[in-house]
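In what follows, a structure is listed as structure tokens, so that the remarks can point back to it.
In what follows, chains are A, B, ... by sequence order, proteins preceding strands, each numbered from 1.
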Number of protein chains: 2
Amino acid sequence: MSARETRDHIVEAADDLFYRQGYENTSFADIAGAVRISRGNFYYHFKTKDRILDAVIEARLAKTRAMLDRWEREGETAADRIRCFIRILIVNRASIERYGCPVGTLMTELTKLGHSAQTEATKLFILFRSWLTRQFEQLGCGGKADDLALHLLAMSQGVATLINAFQDEAFTEREVARMEAWLETRAQDATGG
Amino acid sequence: MSARETRDHIVEAADDLFYRQGYENTSFADIAGAVRISRGNFYYHFKTKDRILDAVIEARLAKTRAMLDRWEREGETAADRIRCFIRILIVNRASIERYGCPVGTLMTELTKLGHSAQTEATKLFILFRSWLTRQFEQLGCGGKADDLALHLLAMSQGVATLINAFQDEAFTEREVARMEAWLETRAQDATGG
DNA sequence: GTCTATAGACGGATAGAC
DNA sequence: GTCTATCCGTCTATAGAC
């Protein structure tokens, strides 16, 4: 197996484990075990745990960009595209119930650890924030676009936290419906009066 | 110092450290160091780390109950009391910026660890949820009271997560104002039409 | 024969538990 | 104060490709 392939496998496994168990609670042995390689081989590819985290965040940023690009292509109107964002709470409901939002929980953990990768992790939030801002601008919300983007991001984060705490499917659906209704109102505000 | 006092000091220090550093990232040595007692004395009061967590959650539940009781006494109307809840985001803004919401972040960490104290930690959420439900009932929101309570809880959690990620004071104030406006509308829905 | 990917032993540090 | 487990990180050995 090429070095590149092995490296990718490591990042993939680490990504998954960091999400499910948390960064600090995941050991080198855990990752090596998941990839089925020895710890010695492991250190050939990554010298420290921090470097794996860097690579994982980078991979998540790339995956997120790809997802946002896909939404951009698939959604006809800006409202459709924002709806794609809202609906990840339903699409990923099962994993959110068990592990929370991958972006929010990583961010939270890194701030508690006072970890230097905080800045990089924040970029995940910024990616969503600026994408949403652009959508709200296209919706015609002008100067309020960034405010609306942050508000939607906050709602999504809060709902994810409670999905994780309560595992209540009806709650999830109610909140998603509420966000979609809210979006509808914003769209009408922009076009009509 | 009495055994009871020492125990209380340990719980207090652990509570603070668990909040600021996270549960798993806090060692016995950290707590013992903060209380200025020997590790030997430490084990006299708590045999395992899990038991300290139990005691910390218990203490947080008691503190929360006391706070809710205080709001109950101080707020004249149900809307006033709900506003007390909303305003903790401003009152505790500094610590939320650095460490997030104490309830949400503990919950999140415990689910990732698959820790048995999850159920106990959820009671913190339930405490707020049922208190808020009662307030919305008194506001005249009848059958929708629990839905509104969960929604407000979610908004508060989401805003706390983004305060922690972005440390943006203007955002905090905008969102608090938004929540208060939302509350106003709910109150009018209930009384008027 | 050299370079690359892998394996596994070893050491220092620190954790929790008694 | 000690004991055991575990974790991160280093070091050396080796198997195969070119």
Indicate whether OP1 or OP2 belonging to C/dT6 is found under 4.0 Å from a side-chain N or O atom of A/Tyr44.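 The answer is no; no side-chain N or O of A/Tyr44 sits under 4.0 Å from OP1 or OP2.
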Taking only the side-chain nitrogens and oxygens of A/Asn41, find out if one of them lies under 4.0 Å from OP1 or OP2 of C/dA7.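 Answer yes for this pair, as a side-chain N or O of A/Asn41 is under 4.0 Å from OP1 or OP2.
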Using the test ring-ring contact (aromatic ring centres under 6.0 Å, His included), find all partners of A/Tyr43 that sit at least two apart in sequence or belong to another chain.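 Once residues adjacent in sequence are excluded, the partners of A/Tyr43 under the ring-ring contact (aromatic ring centres under 6.0 Å, His included) criterion are A/Phe28.
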Applying ring-ring contact (aromatic ring centres under 6.0 Å, His included), name anything that partners B/Phe18, two or more places apart in sequence or on another chain.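 B/Phe18 satisfies ring-ring contact (aromatic ring centres under 6.0 Å, His included) with B/Tyr23 only.
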In plain terms, say whether A/Glu180 and A/Arg87 are close enough for a salt bridge, that is, a side-chain N and a carboxylate O under 4.0 Å apart.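 Yes.
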Between [atom2] on [N] and [atom1] on [X], what's the gap in Å once rounded to a whole number?
X	N	atom1	atom2	value
A/Arg7	C/dT4	CZ	P	17 Å
A/Ile37	C/dT4	CD1	C1'	14 Å
A/His9	C/dT6	NE2	C1'	15 Å
A/Phe42	D/dT12	CZ	C1'	20 Å

Five-pair end axes of the helix from C/dG1-D/dC18 to C/dC18-D/dG1, angle between them (10°):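 Between the first-five-pair axis and the last-five-pair axis there is 0°.
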Restricting to pairs with a member in residues 51-61 of chain A, which pass side-chain hydrogen bond (donor to acceptor under 3.5 Å, both in side chains), not counting sequence neighbours?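 Residue pairs with at least one partner in residues 51-61 of chain A: A/Asp15-A/Arg60.
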Selection residues 44-71 of chain A - residue pairs positive for ring-ring contact (aromatic ring centres under 6.0 Å, His included), sequence neighbours left out: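 Sorted pair list: A/Trp71-A/Trp131.
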Would you be so kind as to tabulate the donor-acceptor pairs closer than 3.5 Å made by side chains of residues 141-155 of chain A, with sequence neighbours excluded?
from     : atom 1 : to       : atom 2 : distance (Å)
A/Asp146 : OD1    : A/Arg129 : NE     : 3.0
A/Asp146 : OD1    : A/Thr133 : OG1    : 3.3
A/Asp146 : OD2    : A/Arg129 : NH2    : 2.9
A/Asp147 : OD1    : B/Arg174 : NE     : 2.9
A/Asp147 : OD1    : B/Arg178 : NH2    : 2.5
A/Asp147 : OD2    : B/Arg178 : NH2    : 3.0
A/His151 : ND1    : B/Glu175 : OE1    : 2.8
A/His151 : ND1    : B/Glu175 : OE2    : 3.2
A/His151 : ND1    : B/Arg178 : NE     : 3.3

How does protein contact run along nucleotides 13-18 of chain C, one letter per nucleotide 5' to 3', with B for base contact, S for sugar-phosphate only, - for none, heavy atoms under 4.0 Å? --SSBB
Under the salt bridge (charged side-chain N to carboxylate O under 4.0 Å, His left out) rule, collect the residues that match up with A/Asp8, sequence neighbours excluded.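 Partners of A/Asp8 under the salt bridge (charged side-chain N to carboxylate O under 4.0 Å, His left out) test: A/Arg4.
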Please tabulate, for the side chains in residues 90-107 of chain B, all donor-acceptor contacts under 3.5 angstrom to protein atoms that are two or more places apart in sequence or on a different chain.
from     : atom 1 : to       : atom 2 : distance (Å)
B/Arg93  : NH1    : B/Glu97  : OE2    : 2.6
B/Arg93  : NH2    : B/Glu169 : OE1    : 3.4
B/Arg93  : NH2    : B/Glu169 : OE2    : 3.4
B/Ser95  : OG     : B/Asn92  : O      : 3.1
B/Thr105 : OG1    : A/Lys112 : NZ     : 2.9
B/Thr105 : OG1    : B/Cys101 : O      : 2.7

